[in-house]
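Whatever order the structure lists them in is the order used to number ligands and atoms, beginning at 1. Values in this document were obtained by computation on a predicted structure and should not be read as measured data.
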Amino acid sequence: MQNIIKKITMALKLYMVSLGPGDVELLTLKALNAFRDCDAICVPTKSKDNSFTKSISHKIVTDALDFLGCTKKIIPVYSPMQFNKQDWIDEANIIIKASKEHGSICFVTLGDAAIYSSIYYLLDIIKQKDLSLYKNFEVIAGVTSFSAASAVAKKALCLGDEELIIKPINPRNDVRTTEILMRPKIGMDTERLGDGNFYTFENMYLDNEIITPSKIKTVSKYMTLFLKFAKRD
Ligand SMILES: C[S@@+](CC[C@H](N)C(=O)[O-])C[C@H]1O[C@@H](n2cnc3c(N)ncnc32)[C@H](O)[C@@H]1O
């Protein structure tokens with residue numbers, strides 16, 4: 001009888017890992033697990049020679065690997081941060097090549113990936129160039145610079161009925177707004193939140209999590225939050 005060897009092919013993962021604002025102690029356990037599980041870590045550097053002498057991200061990653069007691073292949077990703085499409089294409093190409101050569105990859109970004117990070121520009125390009133890798137990406141949330149700043153200042157960012165505004169100091173174009181809508185009343189009709197590009201998050205990361213890519217009609221749980229995303233091209 002012929003032996004049949006089944007080749008188990010594990011899907012290669014791409015973790016977009018938020019590093020927090022600078023202190024390795026502000027990394028999440030999810031970030032540490034991604035570092036432990038991946039085959040290589042892509043780290044942006046502003047240095048043309050691909051050195052990491054000025055890289056805050058590299059320092060956090062090496063501190064994290066020391067903490068985990070493991071070593072990983074570190075791949076520099078030249079990121080001049082000039083808001084230039086060709087730079088993002090070059091960066092995405094490095095990530096795609098790294099996944100082909102090494103396997104599962106982490107790409108790291110400072111603070112939280114939701115806030116002014118290039119990862120979504122890179123992901124748009126990766127989607128066009130390597131759909132199978134794109135299908136296996138995961139974003140790992142992190143501590144934002146302003147959450148950390150609030151903790152350092154020992155002052156709340158919003159209390160009672162206050163709202164919080166995040167503004168780009170030097171916008172290049174018209175400023176569009178994403179709204180985060182929190183603290184609903186149970187039973188409320190969401191009609192008054194208006195229309196737009198909504199997501200609804202109920203019991204996120206908890207039992208009975210429901211993520212709806214639109215606005216639910218009636219709120220049934222206090223742990224509900226809405227994101228009304230800025231209109232993007
Ligand atoms: C490209 S944005 C990235 C923001 C980041 N993703 C976050 O969640 O905070 C870079 C800006 O974040 C702020 N920032 C990030 N880390 C910081 C830190 N450790 N201290 C002060 N400001 C910081 C500064 O305003 C900086 O110009």
Does atom 3 (C) of ligand 1 have a protein heavy-atom neighbour under 4.0 Å away? yes
Check each heavy atom of T109 against ligand 1 and say whether those closer than 4.0 Å belong to the side chain, the backbone, both or neither. neither
Give a yes/no verdict on a cation-pi contact between R183 and Y222, requiring under 6.0 Å between NZ or CZ and the six-membered ring centre and an angle within 45° of the axis. no
Please report whether the ring centroid of F229 lies less than 6.0 Å from that of Y199. yes
From the options A113, S145, A114, select the one whose nearest heavy atom is closest to atom 9 (O) of ligand 1. S145
Short version for S117: what comes under 4.0 Å of ligand 1, heavy atoms counted, is neither
Would one find an N or O of I115, backbone or side chain, under 3.5 Å from an N or O of ligand 1? yes
Examine Y121 together with F83 and report whether their ring centres are nearer than 6.0 Å. yes
Per-atom contact, atom 19 (N) of ligand 1, protein heavy atoms, under 4.0 angstrom: yes
Determine, using the 4.5 Å side-chain heavy-atom cutoff (strictly less than), whether F67 and L65 are members of one ILVMFWY cluster. yes
Salt-bridge present (D195, K228; N to O < 4.0 Å): no
Heavy atoms of the protein only: does one fall short of 4.0 Å from atom 14 (N) of ligand 1? yes
Looking at D39 and K72, is there a salt bridge between them, counting it only when a charged N and a carboxylate O are closer than 4.0 Å? no
Numbering as shown, the atoms of ligand 1 that approach L110 to under 4.0 Å (heavy-atom distance): 5 (C), 6 (N)
So, regarding P21 and ligand 1 (criterion: nitrogen or oxygen to nitrogen or oxygen, under 3.5 Å), is there a contact or not? yes
